[in-house]
Amino acid sequence: MATDAGEAMRQTDRGHSAAQESERVRRPESDAGHQAGTGRVPDSGHQADIGRVPSQAVTRPRTGLCSVTFRQLSAEDIITAAAEAGLECIEWGGDIHVPAGDTTLAEGVARRTADAGLAVASYGSYWRADEDITPVLDSAAALGADRVRIWAGRIGSNEASDAERRAITQAIAAATTAAHSLGITLALEYHSGTIADTPAAVRRLLDDVPALRTYWQPTVGASDEAALHEYDLLRDAVAAVHVFSWWPTTERVRLAERESLWSALFRTAIEPRDALLEFVPNDDPDLLVHEAATLRKWVARG
């Protein structure tokens, strides 16, 4: 999406590309023991540790922001807002702020993120297993992101035919192999309208492509008890959590209105590397400081 700010970012940072590449150090998200070219991992008994930083290095998830929370803001404004809210990282979305394939823009966003003292949590793509993933991986690499969120097709697990499910799975397996060659892990969006829409459906995909991880978020309309049970079924495979409060269905409410869900989750959820704020009422940036403080409180208690 061409904007004056985006063009200025491209021009300012073209001269920094080589330096950025030499300075970039990835925080490991993928297991060095992956079997090259397969998207699978050896059966070593350590599959639950894929994408996990050693436990002594991380005692709680990092707190961060999905840039798609404020699609109306520029990348620079997103960075400022996240830093002022005391967050630690940003998941950059591939629809508005860092379009897939624009690596010059991605490099500029990465530099500005780092200059603000923030980390790039991941690249939130909208790849749906039906197109070439190369532009997505190029942008993720330019960002220095070691995790990319992907979507498992465009059809729910109950509606997908065997042939449709097989095609989606094969595309994800091939994409996982390509990502692995760049030191990038792919993680599923846990979402309706995909074949990763229930814990059982996600587990089936993880069995077929064990190098995958998954995101988690509460299913729309699920009670606290039901949502926490779903998390428990996926716990060992969760790379990141999208944190928001919708109730009773898709109505956006303040984060604290579902404190019984989130505080319970973060008392035991040490598996995710990142807890990423996504969605606030009315897409209002003025709410971010308070919502971030609420999230940090819950994570710290854990």
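- By the side-chain hydrogen bond (donor to acceptor under 3.5 Å, both in side chains) test, Thr294 pairs with no residue at all, sequence neighbours left out.
- Residues satisfying the side-chain hydrogen bond (donor to acceptor under 3.5 Å, both in side chains) criterion with Ser139, sequence neighbours excluded, are absent altogether.
- The local environment of CG in Asn282 is sparse, with at most 12 non-hydrogen atoms from other residues, nucleotides or ligands closer than 6.0 Å.
- Contact annotation: the side chain of Asp95 approaches that of Arg71 to within less than 4.5 Å [non-hydrogen atoms, C-beta and beyond].
- The side-chain hydrogen bond (donor to acceptor under 3.5 Å, both in side chains) test applied to Glu164 returns Ser161, not counting sequence neighbours.
- Ala83 and Ala116 get closest at one heavy-atom pair: CB-O, 4.3 Å.
- Cluster membership check: Trp151 does not share its hydrophobic cluster with Tyr123, using side-chain heavy-atom separations under 4.5 Å among Ile, Leu, Val, Met, Phe, Trp and Tyr.
- For the pair Asp208 and Arg203, the salt-bridge criterion is not met [side-chain N within less than 4.0 Å of a carboxylate O].
- Here Ser67 contributes atom OG and Ile96 contributes atom CD1; the two are 9.0 Å apart, rounded to the nearest 0.5 Å.
- Here the CD-OG distance, from Glu91 to Ser125, works out to 9.0 Å after rounding to the nearest 0.5 Å.
- Taken from NE2 in His242 to CD in Glu278, the straight-line distance is 4.5 Å, to the nearest 0.5 Å.
- Annotation: side-chain contact (heavy atoms from CB on, under 4.5 Å) contacts of Arg254 (sequence neighbours excluded): Glu257, Pro281, Leu287, His290, Glu291.
- For the atom pair OG1 of Thr103 and CG of Asp138, the computed distance is 7.0 Å after rounding to the nearest 0.5 Å.
- Judged as a salt bridge (charged side-chain N to carboxylate O under 4.0 Å, His left out), and not counting sequence neighbours, the contacts of Arg252 are Asp283.
- Here the side chains of Arg154 and Asp130 are in contact, with some heavy-atom distance below 4.5 Å.
- The main-chain N or O of Ala222 is never found under 3.5 Å from a side-chain atom of Thr219 such that the two would form a donor-acceptor pair.
- Between Arg235 and Asp232 there is a salt bridge, since a side-chain N of the basic residue sits under 4.0 Å from a carboxylate O of the acidic one.
- Panel note: side chain Ser157, backbone Ile195; no donor-acceptor pair is recorded below 3.5 Å.
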*Trace of the side-chain contact (heavy atoms from CB on, under 4.5 Å) decision for Ile172 with Trp127*: CA-CA 10 Å; Ile172 289 174; Trp127 185 82; 4.1 Å; yes

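- A pairwise comparison of heavy atoms in Ser245 and Arg258 identifies OG-CB, 3.5 Å as the closest pair.
- Partners of Ala174 according to the side-chain contact (heavy atoms from CB on, under 4.5 Å) rule, which considers only residues two or more places apart in sequence or in another chain, do not exist here.
- Taking every heavy atom of both residues into account, Ala292 and Leu87 meet most closely at CB-CD2, 3.7 Å.
- Of all heavy-atom pairs between Gly153 and Thr194, the closest is O-CG2, 3.8 Å.
- Among pairs with a residue in residues 241-251, none fulfils salt bridge (charged side-chain N to carboxylate O under 4.0 Å, His left out), at least two apart in sequence or across chains.
- Ser263 OG to Asp224 CG: the interatomic distance, rounded to the nearest 0.5 Å, is 8.5 Å.
- Shown here is Glu159, whose CD atom has more than 12 heavy atoms of other residues, nucleotides or ligands within 6.0 Å.
- By the 4.5 Å side-chain criterion applied to Ile, Leu, Val, Met, Phe, Trp and Tyr, Leu276 is assigned to a cluster that also includes Tyr215.
- Among residues at least two apart or in separate chains, salt bridge (charged side-chain N to carboxylate O under 4.0 Å, His left out) pairs with a member in residues 182-192 are Arg149-Glu189.
- Pro199 has its side chain within reach of Leu234: a pair of non-hydrogen atoms, C-beta onward, lies under 4.5 Å apart.
- Listed by chain and number, the hydrophobic cluster partners of Val220 are Phe244, Trp246, Phe279, where partners are ILVMFWY side chains within reach of under 4.5 Å, directly or through others.
- Under the 4.5 Å side-chain heavy-atom criterion for grouping Ile, Leu, Val, Met, Phe, Trp and Tyr, Leu288 is connected to Leu73 within one hydrophobic cluster.
- Under the 6.0 Å cut-off for aromatic ring centres, Trp216 and Tyr231 qualify, their centroids lying closer than that.
- Remark: the backbone N or O of Gly124 is not paired with any side-chain donor or acceptor of Ser122 at under 3.5 angstrom.
- Leu277 places none of its side-chain heavy atoms less than 4.5 Å from the side chain of Val280.
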*Verify side-chain contact (heavy atoms from CB on, under 4.5 Å) between Leu212 and Ile150, making sure each step is shown before the conclusion.*
CA-CA 10 Å; Leu212 276 173; Ile150 63 168; 4.2 Å; yes

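- Scored by the salt bridge (charged side-chain N to carboxylate O under 4.0 Å, His left out) test, Arg296 finds no partners at all (sequence neighbours excluded).
- Taking 4.0 Å as the cut-off between side-chain N and carboxylate O, Glu76 and Arg111 do not count as a salt-bridged pair.
- Of the residues Val136, Thr176, Val209, Thr214, the one that meets the side-chain contact (heavy atoms from CB on, under 4.5 Å) test with Leu186 is Thr176.
- The main-chain N or O of Leu65 is never found under 3.5 Å from a side-chain atom of Thr69 such that the two would form a donor-acceptor pair.
- No path of Ile, Leu, Val, Met, Phe, Trp and Tyr side chains, each step under 4.5 Å between heavy atoms, connects Val289 with Leu295, placing them in separate hydrophobic clusters.
- Rounding to the nearest 0.5 Å gives a distance of 8.5 Å between CG of Leu143 and CH2 of Trp92.
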*Evaluate side-chain contact (heavy atoms from CB on, under 4.5 Å) for Cys89 paired with Val120, printing each intermediate quantity in order.*
CA-CA 6 Å; Cys89 56; Val120 173; over 6 Å; no

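- The hydrophobic clustering, which links ILVMFWY residues whose side-chain heavy atoms are closer than 4.5 Å, places Leu205 and Ile155 together.
- Considering only heavy atoms from C-beta on, Glu259 comes within 4.5 Å of Trp298 through its side chain.
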*Go through the steps to decide whether Arg213 and Leu188 satisfy the test side-chain contact (heavy atoms from CB on, under 4.5 Å), and finish with yes or no.*
CA-CA 6 Å; Arg213 304 288 315 280; Leu188 298 163; over 6 Å; no

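- Closest approach of Ile184 to Ala141, counting heavy atoms only: CD1-N, 4.2 Å.
- Side-chain atoms of Pro218 and Leu261, non-hydrogen and from C-beta on, do get closer than 4.5 Å to each other.
- In this structure Thr134 satisfies the side-chain hydrogen bond (donor to acceptor under 3.5 Å, both in side chains) test together with Asp132, sequence neighbours excluded.
- In terms of hydrophobic clustering, with Ile, Leu, Val, Met, Phe, Trp and Tyr side chains grouped at heavy-atom distances under 4.5 Å, Val68 and Val148 are assigned to different clusters.
- The shortest heavy-atom contact between Arg62 and Ala121 is NH2-CA, 3.8 Å.
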